[in-house]
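Read through the structure below, which is laid out as structure tokens, and then see the notes.
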Amino acid sequence: MRSFFRIINSIFFTVALIASAFCGYMVYSVKNYPTAEHEAQITEIKTLTEQTKADTEAALKDGEERLALMREDARNLGDEGVELAEHKETLQREVEAKRTDLAELDLTVALLEDMPGSVEKARKEYAEKIRELEEKIQNGETEVRICYWTMDDGPTYITENFLNALDEMGDHVHVTFFTANLANDSPNEEEMLRREMASGHSVQNHSFAHVTTAGGSVYRSLDSFKEQIQLQDDWLYEVTGFHPMIFRFPGGSAWGRDLLPGATDVIEELGYQWVDWNCNLYDAGAPENLPSSGLEITRALTQIPEEPIAMILGHDWNANTLVAMKTAIPELMDQGYVFLPLFPESVTMGMIAKR
Amino acid sequence: MSLFKGRKASKKKKSEIKAAEEEWDEIEENEESEEEETARGEEEILAAAETSKRNTGSEADFDDEDDEDDEDEEDDEDEEDDDDEDDEDDEDDEDDEDDEDVEKPHRKKKSKRFPVFGLIFMFLLIGIILGAGYYGMVYYERFHAMNDQFDAARDAASAELVEAQKEYALADPDSPANVAVRDELKDVLLADIREQVAQMESEKNELDASIREREEKLKEIEGVEDFDYYKAIYDEYVEGREYVEELLSDH
């Protein structure tokens, strides 16, 4: 038995030693497991992965940018691309310039093919702007004042002098001529009418004969009145190429309407507007009543500043008026007046009270 | 220490011990027959018992002394064995054998006792084996689990890295595939620009023709009477409108 135990115990002892060694080794292995080292390896791999992903994103962005650059500019497509891009740019400039030229030419052609229509269109646009300014003046929204300087009974033998004087006063001094063919006889009436038009002045209707005495051609009857308007209209259209649109009663509307009730209906029937004045230079009438100098006429202009929209009645057959005008217009301009042509779109039509 | 003693004994000694043990067994048998004979008579038995009791007491004392001696001797032997493991003299061994031969009759009764110490030691060893084996296996499993865990994490990270590297290879703008794509796009774009240039040249030629046509028409119109007159009026109105617009804007 003793031997048996000796042998068995020897074996067991050996086994126990091995088992203890194994256990110790495994405990040691677990306790000293290189966790940090493994984790470091994994972290390193993950870091490398993240870096690779970042590199991938950068590469994708780089690739997209390269493609975008290629699409954006042909110069990024090599030598051929540079050549083509430069040729294309040159062509683009040339084509754009030619398109502009052609558009301007088309506009010019269209304008010139129907010059009266184009002029009328431009006149309407001009008149609408004047109307807008008048309304602002009436509403007190601007300090600008308008002076419509009108001259009746022309053209005359001194109308040219008036036109020369107006030309000297600047590009934006315009007046309105109420013309009457037979009122004054002059050798260059047609030339003056065309010059008035070409200078940007307004040329309107003051009847054909301007015979205003009782029983005269203008106010003899409504038919005669109508005929006088139409005759002057036809003559002006024949000479200037444009129909007038505003009528001024010879002697004023008060006299004309008194002599010929229903005259305004005739004017309306003919598609006209009518207008009087609110500032009279008293430069017409019997010779003994005419002002003896331009100074007297100028004095008459002192009444103008009371009117933000002044309608001056003058006559382009009176030389004193010419003298007075040369002085008065610059003075009035200094006072803030602008001299514009009168069109039927004006707020003054039929409303200006006669002074 | 006694276990190591047995392990360290030489073969010769083992054979001698075996022989002694056989002789010991014969002696035990003889003693049993003698005991049977002494049990036949009560008196003899009692006397023998008393005698035996006395003898046993004296023998026990003697045995105890012997045991102590034996143990001392064994200790001496152990010490000798331990001290001179390889250099042990045959003579010493013989002396020891002689001593054992002399002592064996005293061990007859002692050998009957169960080797508790050996049993306990065996169980102790078994416990150690089982315990160490169990914990060894536990830690072994734990070790491999940790290994597996890290291997799996590393494999996953590596797989992700490989995937990322594949994606990078696809995204790399300098890769042959992407270079090919750009070359293809370049061809398409160049063809497109060539077509645009051709169209522009065609348009330019058409514009030239149109401009010539308009210019000829203008010459015809400008030759018309009153052209300058109308143009002058038109220009005056346009300039006048612009002048009034300035007035409107200034005030």
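Every chain is numbered from 1 and lettered A, B, ... according to where its sequence line falls, protein lines coming before strand lines. Computed from a predicted model, the values in this text were never measured in an experiment.
- Ranked by heavy-atom pairs shorter than 4.5 Å toward chain A, the options B/Ile126, B/Leu185, B/Ile128 are led by B/Leu185.
- For A/Leu340, the part lying under 4.5 angstrom from a heavy atom of chain B is the side chain only.
- Of the listed residues (B/Tyr237, B/Tyr234, B/Tyr230), just one forms a ring-ring contact (aromatic ring centres under 6.0 Å, His included) with A/Phe242, and that residue is B/Tyr230.
- A/Ile8 touches chain B through its side chain: at least one heavy atom from C-beta onward sits under 4.5 Å away, while N, CA, C and O do not.
- Between A/Cys23 and B/Ala132 the shortest heavy-atom distance is CB-O, 3.2 Å.
- Contacts between B/Ile221 and chain A at a heavy-atom distance below 4.5 Å involve the side chain alone, from C-beta outward.
- For B/Val197, the parts sitting under 4.5 Å from any heavy atom of chain A are the backbone and the side chain alike.
- One side chain, A/His87 or B/Glu201, offers a donor N or O that lies under 3.5 Å from an acceptor on the other.
- Between B/Arg214 and A/Asp101, no side-chain nitrogen of the basic residue sits less than 4.0 Å from a carboxylate oxygen of the acidic one, so the salt-bridge criterion is not met.
- The structure places CE of B/Met200 at 3.5 Å from CD of A/Gln92, a figure rounded to the nearest 0.5 Å.
- Listed by sequence position, B/Ala171, B/Asp172, B/Pro173, B/Asp174 are the residues of residues 170-179 of chain B in contact with chain A, using a 4.5 angstrom heavy-atom cutoff.
- Both the backbone and the side chain of B/Leu119 have a heavy atom closer than 4.5 Å to some heavy atom of chain A.
- Taking the ring-ring contact (aromatic ring centres under 6.0 Å, His included) definition, one finds that B/Tyr168 meets it with nothing, sequence neighbours left out.
- Interface remark: A/Phe343 contributes side-chain atoms only to the contact with chain B (heavy atom separation under 4.5 Å).
- Looking at B/Gln196, only its side chain comes within 4.5 Å of chain A, counting heavy atoms on both sides.
- The part of B/Lys217 that comes within reach of chain A is its side chain, from C-beta onward, which places non-hydrogen atoms under 4.5 angstrom from that chain.
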In residues 143-157 of chain B, what donor-acceptor pairs under 3.5 Å come from side-chain atoms, sequence neighbours left out?
residue: B/His144; atom: NE2; partner: B/Tyr140; partner atom: OH; Å: 3.1
residue: B/Asn147; atom: OD1; partner: A/Tyr33; partner atom: OH; Å: 2.3
residue: B/Asp151; atom: OD1; partner: B/Arg154; partner atom: NH2; Å: 2.6
residue: B/Arg154; atom: NH1; partner: A/His38; partner atom: ND1; Å: 2.9
residue: B/Arg154; atom: NH1; partner: A/Gln41; partner atom: OE1; Å: 2.7

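- Side-chain polar atoms of B/Glu236 and A/His201 form no donor-acceptor pair below 3.5 angstrom.
- Of all residues in residues 52-61 of chain A, those placing a non-hydrogen atom less than 4.5 angstrom from a non-hydrogen atom of chain B are A/Thr52, A/Lys53, A/Asp55, A/Thr56, A/Ala59, A/Leu60.
- In plain terms, the two heavy atoms of A/Met70 and B/Arg182 that are nearest each other are CE-O, 3.2 Å.
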